[in-house]
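Residue numbers begin at 1 in each chain, while the letters A, B, ... track the order of the sequences.
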Number of protein chains: 2
Amino acid sequence: MFVLTRPSSARRYDRRMNDAVDLFLAQWARERPDLDVSPMAIIGRTGRLQQILGRRIGDLLAEEGLERWEFDVLATLRRAGAPYRLTGRDLVRMTMVGSSAMTNRVDRLVKRDLVHREVDPDNRRRVLVGLTDEGLATVDRVVEGHVAGEAVLLEGLDPDEQERLVGLLRKLLLSLGDGAPE
Amino acid sequence: MFVLTRPSSARRYDRRMNDAVDLFLAQWARERPDLDVSPMAIIGRTGRLQQILGRRIGDLLAEEGLERWEFDVLATLRRAGAPYRLTGRDLVRMTMVGSSAMTNRVDRLVKRDLVHREVDPDNRRRVLVGLTDEGLATVDRVVEGHVAGEAVLLEGLDPDEQERLVGLLRKLLLSLGDGAPE
DNA sequence: ATCGAATATTTCGATGTCGAAAGATTATGT
DNA sequence: ACATAATCTTTCGACATCGAAATATTCGAT
């Protein structure tokens, strides 16, 4: 027995197969052969990827009773470590949303008793946002299924390919100035 | 003289340098060493990439007097080829927005005289949306600067790396079911 | 000490998206 | 033919975001 049956989850996607962006590019090539539209091969795909992954991840979180923006805030506080509190400014920096959106998010998380908000006594301009016990329990419970679900979404790439993808994405992000703070 | 000076645009970003997601992952590793959060290395980065690229591209289009959603619709019609008209349904399929959003988009493009809308006489449920002369001229003028701007954003990767990135993204998208419609 | 600049958050109005339901038209099965 | 299902678009209400302005507090220079 030298023939291994390939599990169906490892279906092969070779270069003969086309995704939606290939069609997209072929249309441009036909209509504007003078243009080099190859940048769209990357940018179009990161866009579609983000939409598809975002939707799937949102569905998984919905089963746990969380919206994605809720998980993002809770997870940011959680991974900051004990005592699981950050200033509003830090939350804004770490989540890529504007300050007004963060005010709104914290408002609603406070209403759900997942975080608490208080004025920083050391600097009363600041607001300290911290996980409640319920918030901590929630994020610690949900994060496991969350990363497991994400892993499933990426199963189309083997570990080697995933690592190569990470390397390329990091290099691109660094070139765009997305460095780690200090 | 055997030393070549490297142009500053070709700054090197090696694995010693950290981007924002590396910090993110390091925090999780410290707080929850039991979890394998490696999927976030990819998903976190595509997210940030999309945000950063989206903003930059939006800025470039704004200089031409277009919003990104406007360009997306005009470009979809343009690359469909003469006579540059599609049904609403097709536009929805090709742009990944819901039908109600498309109604809204077409409304506003009609007001700007960039597209026209009429009922399909062959099937009066359908709406045909087509580029006006002004819409065609606009998209043909703007698309050149658009792809040029996108190319600049990707300069952090050399052509070889860009190609490898495309291959990995396509494979991942195919595995997620994002195939080209027949 | 005090005035003006800088920092941090909130409020407000404008935008744009989504999903569900409504409305209009066409396809299907008997 | 006719009722019913399916298809396509629009309307409507709910949300979430953004940027600019408003508010409150602290810092800095004199």
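With sequence neighbours excluded, no residue satisfies side chain to side chain donor-acceptor pair (under 3.5 Å) with B:S100.
Side-chain nitrogen and oxygen atoms of A:R124 include at least one within less than 4.0 Å of the OP1 or OP2 phosphate oxygen of D:dT26. Remark: A:R89 is not in phosphate contact with C:dT9, judged by side-chain N or O atoms under 4.0 Å from OP1 or OP2.
For the pair A:L91 CG and C:dT10 P, the interatomic distance rounds to 11 Å; values are reported in whole Å. Rounding to whole angstrom units, CZ of residue B:R125 and P of C:dT25 are separated by 11 Å. Following rounding to the nearest Å, A:E118 (CD) and D:dA24 (P) show an atom-to-atom distance of 21 Å. When the C1' atom of C:dG19 is taken as reference, atom CD of A:E67 falls 13 Å away, rounded to whole Å. Distance B:D122 CG to C:dA27 C1': 16 Å, rounded to the nearest Å. If you measure from atom CG of B:D120 to atom P of C:dT25, you get 13 Å, rounded to the nearest angstrom. Whole-Å rounding puts the B:D72 CG to C:dG16 C1' distance at 13 Å. Between the CG atom of A:L128 and the C1' atom of C:dA8 there is a distance of 12 Å, rounded to whole Å.
Non-hydrogen atoms lying under 4.0 Å from DNA chain C are contributed by A:S99, A:S100, A:T103, all within residues 96-114 of chain A.
Taking both residues in full, the closest heavy atoms of B:W69 and B:L109 are given as CZ3-CG, 3.9 Å, listed atom of the first, atom of the second, then distance.
Distance alone, capped at 3.5 Å, places no donor-acceptor pair between the A:E64 side chain and the A:L61 backbone.
With respect to the salt-bridge test (charged N to carboxylate O, under 4.0 angstrom), the residues B:K111 and B:D107 do not qualify. Contact check on A:D19 versus A:R48 returns no salt bridge, with no Lys/Arg side-chain nitrogen under 4.0 Å from an Asp/Glu carboxylate oxygen.
In this structure, B:E144 places its CD atom where more than 12 heavy-atom neighbours from other residues, nucleotides or ligands lie under 6.0 Å away. The environment of CD in B:Q51 is crowded: more than 12 heavy-atom neighbours from other residues, nucleotides or ligands sit within 6.0 Å.
When each of A:V127 and A:Q51 is assigned the nucleotide of DNA chain C bearing its nearest heavy atom, the one mapping closer to the 5' terminus is A:V127.
Relative to the side chain of B:R117, the nucleotides D:dT17, D:dT10, C:dT26 differ in distance, and D:dT10 lies closest.
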